[in-house]
Amino acid sequence: MKITVVTVVVLLMGCISLEYVDTRSKGRGKGSMWWGIAKAGEPNNLSPLSPGVLYMDSSVHGTLRKKQRRLARENPGVLVAVAKGANQAIHECQYQFRNRRWNCSTRNFLRGKNLFGKIVDRGCRETAFIYAITSAAVTHAVARACSEGAIETCNCDYSHHKSRPRVSGNSAVAGVRDWEWGGCSDNIRFGFKFSREFVDTGERNRNLREKMNLHNNEAGRMHVQSQMRQECKCHGMSGSCTVKTCWMRLPPFRVIGDNLKDRFDGASRVMVSNVGNAHSNNAHNNKYNKSNNINSNSIHNRREGKGRKQKYGFQLKPYNPEHKAPGSKDLVYYEPSPGFCDRNPKLGIQGTHGRQCNDTSIGVDGCDLLCCGRGYRTQVVDVVERCNCTFHWCCEVKCDVCRTKKTVHTCL
Amino acid sequence: MPGTILENLSGRKLSILVGILLICQIACFLIGGFVAPSPAGSQSILTTVCYDDQPDLFNKNDDNRWFTPKCKSINLQDKHSGLNATNFVFMGKMPLYNMDFSRWHQNLVGVLQVEMEHKKEITTTNVIDLTLDVKLGYRNKEDPDDKWTYHSSSVEKRIVECSSPNKDGYSYSCSTVQLFELGSLHHDYYLLNFRIPVDDKGTNANLGFISDIYLIIIHMNVGFTKVWLSLKTVLFPVLIAIMVWFWNRVHLLQRTPVLLEYLLMIVGGTLAILDAPIEFLTLYFDIPFMLLLGDIRQGVFYAALLSFWIIFAGEHMLIQDGVHKNSLKAYWMHLSGILVGCLSLLIFDLCERGVHLHNPFYSIWVTPIGTNLALSFIILAGISAGIYFIFLCYMIWMAYRNISIKRSVLPTMSTARRLHYEGIIYRFNFLMLVTVVCAAVTIVSFILSQIAEGQNKWDENVELEVSSALFTGVYGMWNIYTFAMLILYAPSHKQWPTDSLCGDNGEEVEFSRLPTDPSPNEISSLTTFAGKASID
């Protein structure tokens, strides 16, 4: 038995190395492998009670890069959160694009490369959205898992100590010391830092595609961070506001999906500019760093200073010189999207054949646009629906059953 | 009779004293800003939903049945046929991770934040009566891993206000509600278990689809408590020393102490009670009433300070009927405002924090009667504060009017007398100014701290903890203010010639005394002077 398991792992590893060559040749950036974790965890071995199990799972192992594996090892429990995040991202993407020609369909392939189809090989808007939403989802899910107490390394890095370099070994001790002195920081800090380390691993800011991925990943995180809402509580003398404490409330992920969808509609097209302008853009860099105020904290300060600044401190040039340069929350792309009307196996596009459309809408979900002018079939079907429901906590929804006739339009 | 030190101190000495006090003041600000962390910290804990297979046993407090992080957890998003509300127990272990509470954390406030999802088929109201069946347990480090000890339990109602998103799959935004308050944090770990019971009488009937319940815990920060207590430990003996010195000074005189001197002692005494670092006791004993005691100590000091101001102004206003001059009775009307205000606040505090000693989950705001009662006490306190303020303004205005009347006759006086009076007026004004500045700083810092809490840091580059700086700064300021009052209003030791306007030892005498003091009981020559004014 043991021998077979080993062989499987070896075989898998072999596949990965082949994959590396494959992806590199296409120049799509290499930060997308981990998406596979969304499917690798299925059906139900994401047991939160034993976080080690997931790590040992060879199918999960295969989707991760070396650094990501190290991060998973150093932060027990984090893989469950990442997997939840990846699934949340897919779910949200499909919700946001349910009425579009491209509906964010995923394929149940084992590894991340083909999770969203080959569309990610193109540097188009859809790819930009996928990168942003997955990065945002990891930030969100990790921050949430911290609140659950599922990740023990969610550090209480008390900001006064941030100038002090922290060695990875005694971070737990330092965390306890910080908690003892000044309490814990908000979990979003950890989520943000972790997402940077984990999601951005493969991207090195060498070519436009990697820059695009880095920018969109960062944009996704920025959306999570900026949607944090502050809640305060007064607990001073007699409960008055002489002492007031505030904390950040994690936004529902739907809000982030909505915002990213808005940015998708207004995404900026960028073009190849002189690589290496990282140094010439210090002003932008400073502003950028200030605006997110998390810049100086890596998970365990493995990589600090110059390298980090170069990785994130770049400015992309708009394709149309009259347009404004993309901001930190904007999505960027550099290739036009392919047509999504017809099935295109080369790009993994399903086409809009057989999709339901809305004949009264003049938007993208309207039958004219969604069916790409091919026309549509109209059927009248009997629908049995739940209606007039009353809900009783926790698990009881009492509903009437309503039968209605509905007209359904389907693209040819 | 000698006057107070304030009048007899040379300008140079006064400026040195003021300089020293200012340095102490700045030190207090800096200690808070650069050494201490923010006064309180928080941790938001996502409660785990545990499956309870024997719901009947939940309320039996005698058995040690607790849901810990090891419980069988349920995902609320899944369908749960066959289960009912009693099977769901929300669990929060405090604090998170492998941290533990230290006794320096002082106290703990728990706040609930309910996240509800809007579902097309579920209709809810915007104001939700949330009823919770709660119990709290604790554990110490040396206890075995799953031995939780019962602390308290209750069935509580909370009113949650939500605004509906009106879109399927979106979340309501709901207000947060306070769940409990612990006056002492004596144990290392706390565990909260609660259920959301449902019955036929409509309990929790209008609840929506709950997706998450967060428990936010707020505690004092260890670093801040340490800095705070160190500050108190330093200030307390200094204050005691100054008070002893002051009282000796008063008793060196061959007269009984006057009202203002008594009042200064009272202000000093109440400040000493506030300064006494009795919080050190919480490191060894479980003192749940410390929070309440802290409120009372602060309240008593403020009451004494407010009374001092009104009597200070009154003593310098000089209503000339010598019978009940210099006795508290003359000021009963003015002081009753303070008394009523403070009493109503005390009763309100006893109704909230006092009851917390018995039941930490209690809230006065959930029942209509309680809300009305609490509001009426607060309004009463507000009205008394208003009345007090009007009285104070009136008396200060009267005092200044008397002074300005006298000032108009100043040019007709002899040089020595004029200098004397001008000096007194200047220093009286100076002290009034200090009081006004202190009050203004307090109010401004309160407003600033409200704003500062919005942004966590003043500036990213300057690691200044604004709220702590304001806290220690204002606290230090009232201490220093009291020190200054005690020092400057202590009787002067300089012996003045009684029968000549300018003595031979003119070098030492900055301001000579009036040849005929109208009464030996006057505290300062300003009152003397004002008395003169009224006689004139």
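Below, each value reflects all heavy atoms present in this structure, side chains not excepted, and no hydrogens, waters or symmetry copies. A note on names: the letters A, B, ... follow the listed sequences, proteins ahead of strands, and every chain is numbered from 1.
The side-chain heavy atoms of Asn187(A) and Ser44(B), taken from C-beta on, include a pair separated by under 4.5 Å. In this structure, Val109(B) and Lys233(A) have side chains that are in contact, with non-hydrogen atoms separated by less than 4.5 Å. Taking the side chain as every heavy atom from C-beta outward, Lys167(B) and Arg254(A) never approach each other to under 4.5 Å. In this structure, Tyr214(B) and Ser147(A) have side chains that are in contact, with non-hydrogen atoms separated by less than 4.5 Å.
Glu117(B) does not touch chain A: none of its heavy atoms, backbone or side chain, sits under 4.5 Å away. Neither the backbone nor the side chain of Leu291(B) comes within less than 4.5 Å of any heavy atom in chain A. Contacts of Asn87(B) with chain A are absent, with no heavy-atom separation under 4.5 Å from either backbone or side chain. Contacts between Glu352(B) and chain A at a heavy-atom distance below 4.5 Å are absent for every atom of the residue. Using a 4.5 Å cut-off between heavy atoms, Lys226(B) touches chain A through its side chain atoms alone. Of the two parts of Tyr95(A), only the side chain, counted from C-beta on, holds a non-hydrogen atom closer than 4.5 Å to a non-hydrogen atom of chain B. Both the backbone and the side chain of Ala85(B) come within contact range of chain A, judged by heavy atoms closer than 4.5 Å. Both the backbone and the side chain of Phe209(B) come within contact range of chain A, judged by heavy atoms closer than 4.5 Å. If you measure heavy-atom distances from Glu231(A) to chain B, the contacts under 4.5 Å come from the side chain alone. Proximity to chain B (any heavy atom under 4.5 Å) is restricted, for Arg229(A), to the side chain, taken from C-beta onward. Within the 4.5 angstrom heavy-atom criterion, atoms from both the backbone and the side chain of Leu83(B) approach chain A. Pro95(B) touches chain A through its side chain: at least one heavy atom from C-beta onward sits under 4.5 Å away, while N, CA, C and O do not. Heavy atoms of Leu46(B) lying under 4.5 Å from chain A belong to its backbone as well as its side chain. Both the backbone and the side chain of Ile45(B) come within less than 4.5 Å of a heavy atom of chain A. Contact of Cys146(A) with chain B is made through backbone and side chain together, with heavy-atom distances under 4.5 Å.
In this structure, CD1 in Ile447(B) is found 12.5 Å from SG in Cys241(A), a value given to the nearest 0.5 Å. Distance NE2/His219(B) to OG1/Thr245(A): 9.0 Å, rounded to 0.5 Å. Separating the CD atom in Gln298(B) from the OG1 atom in Thr242(A) is a distance of 6.5 Å, to the nearest 0.5 Å.
Taking each heavy atom of Cys174(B) and Arg249(A) in turn, the nearest pair found is O-NH1, 3.0 Å. Between Arg353(B) and Ser238(A) the shortest heavy-atom distance is NH1-N, 3.4 Å. The two atoms that bring Ser42(B) and Trp247(A) nearest to each other are OG-CB, 3.6 Å, heavy atoms only.
Annotation: maximal heavy-atom pairing with chain B below 4.5 Å, among Glu385(A), His235(A), Arg144(A), occurs at Arg144(A). Heavy-atom pairs under 4.5 Å with chain A were tallied for Ser211(B), Gly169(B), Gly299(B); the largest tally goes to Gly169(B). Counting heavy-atom pairs closer than 4.5 Å to chain A, the top-ranked of the candidates Ile218(B), Thr86(B), Val198(B) is Ile218(B).
Distance alone, capped at 3.5 Å, places no donor-acceptor pair between the Asp295(B) side chain and the Met237(A) backbone.
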